[in-house]
Amino acid sequence: MKFKKKILCIGAGYVGGPSMAMIAFKCPDYRVTVVDTNPERIDAWNSSQLPFYEPGLDNVIKKTRGKNLFFSKDIDNQIKENDIIFVCVNTPTKNYGAGAHMAADLQYWEKTARQILKHSQSSKIVIEKCTLPVKTALAMEKILSSSKGKIKFEVLSNPEFMAEGTAISDLENPDRVLLGSHETKSGLQARAQLIEIYTRWIPSDRIITSNIWSSELSKLVANAFLAQRVSSINSISALCEKTDADITEVAKAVGMDVRIGNKFLNAGIGFGGSCFKKDILNLVYLCSYYGLHEVASYWESVVKINEFQQQRFIAGMLNSMFQTLAGKKICILGFAFKADTSDTRESPAIYIAQKLLAEQAEIVISDPRALKNAAVDLAGIKGEIKYIEDPYLATAGCHAVVVLTDWNLYRSLDFKKIYRSMVKPAFIFYGR
Ligand code: UDX
Ligand code: UDX
């Protein structure tokens with residue numbers, strides 16, 4: 001079949017994989033290829049065991065893979081063959097040198113830009129889909145225009161706002177699609193090509209455009225605002241616990257004000273996931289870099305409250321369980337950073353598990369999807385850890401149960417039966 005357009009995505013992760021699968025699904029006349037430097041990731045995408053669990057993803061993959069969606073290890077040739085290239089490589093927090101533990105580590109992203117330059121034999125549109133510090137596109141442009149040949153690269157920003165666990169419905173029905181480009185003739189032409197893709201299934205009033213820098217910054221700010229709501233409600237949960245106010249009642253009353261809204265007001269163990277902490281730290285670093293120290297410390301407090309909430313949770317457990325957890329068996333129900341994903345990156349459960357082990361508790365971890373990742377996260381940590389998927393077997397004989405992920409499954413458990421199988425006095429700590 002002759003395809004109308006050829007699209008490439010570099011980076012077959014949680015963002016690159018599902019977002020390209022959706023484009024392939026909605027644009028059957030486009031050929032979409034996803035490449036990755038990690039060959040095992042590509043093998044997983046080509047197998048029946050996708051690299052991670054995401055509801056509905058397998059269905060979209062089934063309908064597109066091998067037809068107009070391809071996963072390949074041949075990055076160099078794919079760069080040559082494709083006209084539109086999305087970049088979706090990871091940009092973790094830098095853990096060395098200047099800006100360590102704050103700034104984004106841009107080494108993978110820069111390597112990718114150089115690889116695009118080296119293997120391109122024709123002009124291309126290059127789109128940042130991964131979250132990047134504002135002004136990164138400028139650096140990308142400098143690298144891509146460094147050879148001064150006839151080949152031209154137009155750099156655009158198109159950040160992805162989907163959340164894990166709801167990725168497919170978010171991609172199918174996004175609140176908005178943001179396209180940042182230069183207001184030059186070639187910038188506008190490139191932007192029109194992206195608009196052509198998204199209008200296949202998204203109403204045009206939800207496709208918004210801006211300059212590149214606004215687009216880059218909007219993604220960081222959207223995540224910072226969401227995380228800030230979680231930290232705001234969590235900070236109030238601490239006050240509720242001192243005053244007999246009930247945080248769910250407060251959240252309901254506050255959230256019914258339409259100006260405030262009722263989403264992202266669930267107090268709990270704090271936010272996890274690969275984005276929130278990384279993006280806020282990135283924002284903090286940017287503000288400090290530009291000398292805006294008050295703004296930097298305002299946003300940094302969102303991360304501090306998140307850490308405070310997790311420390312408070314452990315302190316609460318110790319308090320209730322007679323100030324000692326040594327030798328006690330504690331079951332963690334849920335290790336994923338949120339429900340409906342196998343992802344455990346930055347999951348509060350990692351911190352809680354480590355602290356429980358440091359208190360010399362024995363821990364049993366249960367999760368319907370994330371046990372493999374949990375074992376990787378806790379590898380090499382001293383202490384007694386068991387992994388048992390069945391929640392009834394996992395909780396039997398425990399002194400306490402700690403619910404850390406809001407899996408639907410846990411709502412319908414027979415907690416009377418669980419209670420009967422536990423050591424008395426039995427405790428339950430609900431982190432959600
Ligand atoms: C990534 C970014 O981390 C995030 O900032 C952005 O908002 C979306 O893209 P995610 O998809 O969750 O998030 O990351 P990850 O699952 O780690 O996927 C990145 C992929 O890029 C990995 O499979 C990695 O192997 C690949 N990669 C990395 C390359 O193909 N080339 C590289 O040079 C580096
Ligand atoms: C987030 C953004 O929502 C998404 O737009 C962006 O593209 C990537 O980052 P994600 O991290 O996948 O998505 O999940 P999200 O639903 O935002 O939850 C993040 C964390 O906040 C989870 O640990 C969740 O449990 C926690 N959370 C969320 C709360 O503790 N309370 C809430 O009310 C909402």
Q. Judged by atom type as modelled, is there a donor-acceptor pair below 3.5 Å linking the side chain of D36 to the main-chain atoms of I42?
A. no

Q: Could you check V87 against E128 for side-chain contact (heavy atoms from CB on, under 4.5 Å), going step by step and ending with a plain yes or no?
A: CA-CA 5 Å; V87 179; E128 303 174 329; 5.8 Å; no

Q) Would you say N234's side chain and G268's backbone share a donor-acceptor pair under 3.5 angstrom? A) yes

Q: Only counting residues at least two apart or in another chain, list the ones meeting ring pair (Phe, Tyr, Trp, His ring centres under 6.0 Å) with Y298.
A: none

(Q) Any side-chain to backbone donor/acceptor pair from N373 onto S342? Under 3.5 Å, distance only. (A) yes

Q. Can R65 be said to sit on top of F71's aromatic six-ring, NZ or CZ under 6.0 Å from centre and within 45° of the ring axis?
A. no

Q.
Run K278 and T91 through side-chain contact (heavy atoms from CB on, under 4.5 Å) and show every step you take.
A. CA-CA 9 Å; K278 161 179 81 79; T91 49; 3.6 Å; yes

(Q) With a sphere of 6.0 Å drawn around NZ of K338, does it hold more than 12 non-hydrogen atoms of other residues, nucleotides or ligands? (A) yes

Q. Are the side chain of D29 and the backbone N or O of K4 linked by a donor-acceptor pair below 3.5 Å?
A. no

Q) For D74, does its backbone N or O pair with a side-chain atom of S72 as donor and acceptor, under 3.5 Å? A) yes

Q.
Show the nearest heavy-atom pair for residues I212 and A137, with the distance to one decimal.
A. CG2-CB, 3.4 Å

Q. Atom CG of N38 and atom CG of N90: how far apart are they, to the nearest 0.5 Å?
A. 10.0 Å

Q.
Taking the side chain as everything from C-beta on, heavy atoms only, tell me whether T184 gets closer than 4.5 Å to E154.
A. yes

Q: Begin with the C-alpha distance, continue with both residues' side-chain angles, and end with the deciding distance and a verdict on side-chain contact (heavy atoms from CB on, under 4.5 Å) for N306 and V302.
A: CA-CA 6 Å; N306 204 49; V302 172; over 6 Å; no

Q.
With a 6.0 Å cut-off on the ring centroids, do F70 and W45 count as close?
A. no

**Q.** K386 and E384: CA distance, side-chain angles, deciding distance, salt bridge (charged side-chain N to carboxylate O under 4.0 Å, His left out) verdict
**A.** CA-CA 7 Å; K386 286 200 178 76; E384 180 101 9; 3.8 Å; yes

Q | Side-chain heavy atoms of L356 within contact of M317, under 4.5 Å | A | yes

Q. Quick one: CG on L69 to CE on M20, what's the gap to the nearest 0.5 Å?
A. 9.5 Å

Q. Stepwise, does the side-chain contact (heavy atoms from CB on, under 4.5 Å) test hold for I116 with F153?
A. CA-CA 10 Å; I116 294 174; F153 297 92; 3.8 Å; yes

**Q.** Nearest atoms (heavy-atom pairs only) where C240 meets V250
**A.** SG-CG2, 4.1 Å

Q.
Show me the pairs that pass side-chain hydrogen bond (donor to acceptor under 3.5 Å, both in side chains) and involve residues 279-295, at least two apart or across chains.
A. N223-D279

Q. For R191 and S181, which heavy atoms make the closest approach, and how far apart are they?
A. CD-OG, 3.2 Å

Q.
Using a 6.0 Å distance limit plus a 45 degree cone around the ring axis, check whether R369 lies over the aromatic ring of Y53.
A. yes

Q) Under 4.5 Å between any side-chain heavy atoms of E81 and R31, yes or no? A) yes

(Q) If we ignore hydrogens and angles and just use 3.5 Å, is the side chain of T405 paired with the main-chain N or O of A336 as donor and acceptor? (A) yes

Q) Can you name the salt bridge (Lys or Arg N to Asp or Glu O under 4.0 Å) partners of E307, sequence neighbours left out? A) none

Q) Has the side chain of R229 got a donor or acceptor atom that lies under 3.5 Å from a matching backbone atom of K263? A) yes

Q. Distance from L179 atom CG to T209 atom OG1, nearest 0.5 Å?
A. 7.0 Å

Q) Between the side chains of Y387 and D367, is a donor N or O closer than 3.5 angstrom to an acceptor N or O? A) no

(Q) Under a 3.5 Å threshold, yes or no: a donor from one side chain and an acceptor from the other, between N158 and K129? (A) yes

(Q) As a quick check of understanding, evaluate salt bridge (charged side-chain N to carboxylate O under 4.0 Å, His left out) for R345 and E164, giving each step before the final call. (A) CA-CA 11 Å; R345 290 178 294 175; E164 287 172 38; 3.4 Å; yes

Q) Distance only, no hydrogens: is a donor on one side chain within 3.5 Å (strictly under) of an acceptor on the other, for S237 and Q309? A) yes

Q. In Å and rounded to the nearest 0.5 Å, what is the CZ to CE distance from R200 to M22?
A. 14.5 Å

Q | Shortest non-hydrogen separation from A370 to T344 and the atoms involved | A | CB-CG2, 3.7 Å

Q | Heavy atoms of other groups near K26 NZ, more than 12 under 6.0 Å | A | yes

Q | Side-chain donor/acceptor of W299 to backbone N/O of Q228, under 3.5 Å | A | no

Q) Distance only, no hydrogens: is a donor on one side chain within 3.5 Å (strictly under) of an acceptor on the other, for S157 and E216? A) no

Q) What distance do Y14 atom OH and D343 atom CG have between them, rounded to the nearest 0.5 Å? A) 3.5 Å

Q. Can you tell if the side chain of M162 reaches within under 4.5 Å of the side chain of V15, non-hydrogen atoms only?
A. yes

Q.
Under the rule for side-chain hydrogen bond (donor to acceptor under 3.5 Å, both in side chains), what residues qualify as partners of R432, not counting sequence neighbours?
A. none

Q: For residues L265 and G255, report the shortest heavy-atom separation together with the two atoms involved.
A: CD1-CA, 3.7 Å

Q. Do other residues, nucleotides or ligands put more than 12 heavy atoms under 6.0 Å from the CZ atom of F225?
A. no

(Q) Quick one, L217 and L283 - any side-chain contact, counting heavy atoms below 4.5 Å? (A) yes

Q) Has R312 got its NZ or CZ under 6.0 Å from the middle of the six-membered ring of F308, at an angle within 45 degrees of the ring axis? A) yes

Q: Give the minimum heavy-atom separation between A353 and I363, together with the two atoms involved.
A: CB-CD1, 3.8 Å

**Q.** Any residue meeting ring pair (Phe, Tyr, Trp, His ring centres under 6.0 Å) with F271, in chain and number order, not counting sequence neighbours
**A.** F276

**Q.** salt bridge (charged side-chain N to carboxylate O under 4.0 Å, His left out) between K355 and E359, intermediate numbers included
**A.** CA-CA 6 Å; K355 288 290 165 194; E359 291 292 341; over 6 Å; no

Q. Counting N and O atoms only, with roles assigned by atom type, does the side chain of E54 sit under 3.5 Å from a partner on the main chain of A167, one being a donor and the other an acceptor?
A. yes

Q. Got more than 12 heavy atoms from elsewhere within 6.0 Å of CD, Q107?
A. yes

(Q) With rounding to the nearest 0.5 angstrom, report the CG to OG distance, L50 to S48. (A) 8.0 Å

Q.
Under a 3.5 Å cutoff, is there a donor and acceptor pairing between the side chains of S169 and N173?
A. no

Q) Counting N and O atoms only, with roles assigned by atom type, does the side chain of N82 sit under 3.5 Å from a partner on the main chain of I85, one being a donor and the other an acceptor? A) no

Q: List in chain and number order the residues that pass side chain to side chain contact (heavy atoms under 4.5 Å, CB included) with Q354, two or more places apart in sequence or in another chain; answer none if no residue qualifies.
A: I350, L378, I381

Q) Around atom NZ of K80, are there more than 12 heavy atoms of other residues, nucleotides or ligands at under 6.0 Å? A) yes

Q) Under 4.5 Å between any side-chain heavy atoms of I84 and Y30, yes or no? A) no

